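Quick notes on the structure that follows.
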Amino acid sequence: RSREEAENLENGEQRWHLRMTRFEQIQHGVLAASFIVLVYTGFALPYPESWLFRGFIAFERGYAVRGWIHRGAALAMCSACLLHLVYLPTRRGRRFLLDMLPKLSDIREAAEQVAYLLGLRAEPARFDRFSYIEKAEYWSLIWGSVIMAVTGFALWFETTALRFLPLWALDVATYIHFYEALLATLAIAVWHFYYVIFNPDVYPVNWTVLTGKISEEMLRHEHPREYERLLAQEESASDSSEEAREPDDGPERSGRETG
């Protein structure tokens with residue numbers, strides 16, 4: 001820990017770093033809200049007698065309320081995907097995509113983290129901007145969104161789909177849509193919610209999703225390699241700024257620096 005960091009902590013000051021821009025927060029917010037609605041309205045169809053959905057189904061009273069809410073949420077999720085496609089070609093989007101690409105180092109970090117959790121290693125893995133967990137979630141989301149969109153629209157526009165597909169293909173699409181939804185729900189409820197809500201390091205919630213910022217303390221703890229890189233960039237920028245402000249002492253000083 002540097003002297004400046006120690007002084008900041010002693011003075012009760014905490015530095016914050018940008019983790020999510022406003023546009024990234026909007027993408028995440030639309031995605032999260034639409035996903036929750038999709039899960040609830042989707043599972044209400046096969047399990048109408050469950051205590052979770054009984055009141056909602058009774059409220060429907062023969063009208064297609066559930067179906068239209070489900071379809072509306074599906075369109076909202078598709079809009080979030082389109083926003084992400086617009087975001088990816090931007091400078092920050094390209095950097096995001098490069099940082100999300102799987103690397104061989106992810107395998108090493110996964111092994112180190114498992115060893116740490118089993119008590120076989122004293123220190124946890126040192127993650128960069130995104131850990132192997134976040135990368136797995138992201139690419140699973142991409143794959144799952146494509147699967148759910150294709151099968152969902154086929155079931156929504158059933159008559160049109162049957163012009164090009166046999167009936168058994170829609171039966172297969174129904175099974176795929178259901179089990180992919182089940183898998184995605186379990187992944188979010190068990191895995192993602194733990195890391196952003198129930199994890200003791202962030203409980204009661206990781207506020208980055210709402211503020212867009214991460215504290216320096218959490219950045220150093222959760223993403224030490226990214227923290228060290230940002231610190232090195234700040235020091236390099238500070239050194240360059242100081243050199244630019246130094247007065248020119250003539251040839252003698254210049255010769256001393258280059259010699």
Side-chain angles (χ1 to χ4, degrees), residues 24-88 100 102 130-199 205-206 209:
E24 291 167 346
Q25 289 177 272
I26 291 173
Q27 294 176 60
H28 183 274
V30 175
L31 180 68
S34 60
F35 179 84
I36 292 172
V37 175
L38 282 169
V39 168
Y40 186 79
T41 57
F43 284 115
L45 181 62
Y47 304 111
E49 298 302 322
S50 169
W51 64 271
L52 276 172
F53 314 114
R54 193 179 301 131
F56 178 64
I57 296 299
F59 168 78
E60 194 175 31
R61 293 186 179 181
Y63 297 96
V65 176
R66 184 212 61 82
W68 285 112
I69 294 177
H70 190 76
R71 295 182 184 99
L75 292 177
M77 176 169 279
C78 288
S79 70
C81 294
L82 291 176
L83 287 175
H84 194 61
L85 289 176
V86 171
Y87 162 79
L88 287 178
M100 269 295 182
F130 299 116
S131 68
Y132 68 93
I133 297 172
E134 292 164 309
K135 292 181 181 181
E137 285 186 325
Y138 176 76
W139 292 108
S140 297
L141 171 64
I142 298 298
W143 171 252
S145 297
V146 172
I147 293 296
M148 296 301 287
V150 171
T151 56
F153 278 112
L155 296 173
W156 184 355
F157 300 100
E158 180 178 359
T159 302
T160 302
L162 286 175
R163 295 179 183 175
F164 308 96
L165 300 171
L167 180 60
W168 63 263
L170 286 187
D171 293 334
V172 172
T174 301
Y175 281 105
I176 293 175
H177 197 78
F178 174 80
Y179 285 108
E180 177 64 26
L182 183 62
L183 180 63
T185 302
L186 291 174
I188 294 297
V190 176
W191 198 356
H192 188 68
F193 280 178
Y194 170 78
Y195 279 101
V196 299
I197 298 177
F198 302 110
N199 185 344
V205 69
N206 187 337
V209 68

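On a predicted model such as this, the values are computed, not experimentally measured, just so you know.
Distance alone, capped at 3.5 Å, is enough to place a donor-acceptor pair between the Ser79 side chain and the Ala76 backbone. Not a single donor-acceptor pair under 3.5 Å links the side chain of Glu49 to the backbone N or O of Arg54.
Under the 4.5 Å side-chain criterion, counting only non-hydrogen atoms from C-beta, Thr185 is in contact with Phe43. Trp191 is listed as a side-chain neighbour of Ile133, based on a closest heavy-atom distance under 4.5 Å. With a 4.5 Å cut-off on side-chain heavy atoms, Thr174 and His177 do not count as touching. Taking 4.5 Å as the limit, every side-chain heavy atom of Tyr195 sits out of range of all side-chain heavy atoms of Ser131. In this structure, Thr151 and Glu180 have side chains that are not in contact, with every pair of non-hydrogen atoms separated by 4.5 Å or more. Within the 4.5 Å cutoff, the side chain of Val209 has no heavy atoms near those of the Gln25 side chain.
The minimum heavy-atom distance between Val65 and Phe59, with the atom names listed, is CG1-CE2, 4.5 Å. For the pair Ile57 and Ala44, the tightest heavy-atom approach, listed with the atom from each and the gap, is CD1-O, 3.9 Å. Nearest heavy atoms, His28 versus His192: NE2-NE2, 4.4 Å. A pairwise comparison of heavy atoms in Ala80 and Gln27 identifies CB-O, 4.1 Å as the closest pair. Smallest separation of non-hydrogen atoms from Ala154 and Ala161: O-CB, 3.7 Å. When all heavy atoms of Leu167 and Leu162 are compared, the pair lying nearest together is CA-CD2, 3.9 Å.
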Any chance you could lay out the side-chain contact (heavy atoms from CB on, under 4.5 Å) test for Thr41 and Phe56, step after step, and finish with the verdict? CA-CA 9 Å; Thr41 57; Phe56 178 64; 4.3 Å; yes
Intermediate values then yes/no, side-chain contact (heavy atoms from CB on, under 4.5 Å), Leu141 and Phe35: CA-CA 11 Å; Leu141 171 64; Phe35 179 84; over 6 Å; no
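Between Phe178 and Tyr47, the angle of the ring planes lies from 30° to 60°, which puts this pair in the tilted group. Ring orientation note: the planes of Trp68 and Trp156 are nearly perpendicular, at an angle over 60° on the 30°/60° scale.
In this structure, the ring of Tyr138 has its center less than 6.0 angstrom from the ring center of His84.
Other residues, nucleotides and ligands contribute over 12 non-hydrogen atoms within 6.0 Å of the CZ atom of Phe157. Within a 6.0 Å radius of CH2 in Trp139, more than 12 heavy atoms belonging to other residues, nucleotides or ligands are found.
Atom CG of Leu31 sits about 9.5 Å away from atom CD1 of Ile36, to the nearest 0.5 Å. Expressed to the nearest 0.5 Å, how far CG of Leu165 lies from OG1 of Thr160 amounts to 10.5 Å. Remark: Leu75 CG to His70 NE2 distance equals 10.5 Å, nearest 0.5 Å. Once rounded to the nearest 0.5 Å, the distance linking CG of Leu155 with CG of Asp171 reads 9.5 Å.
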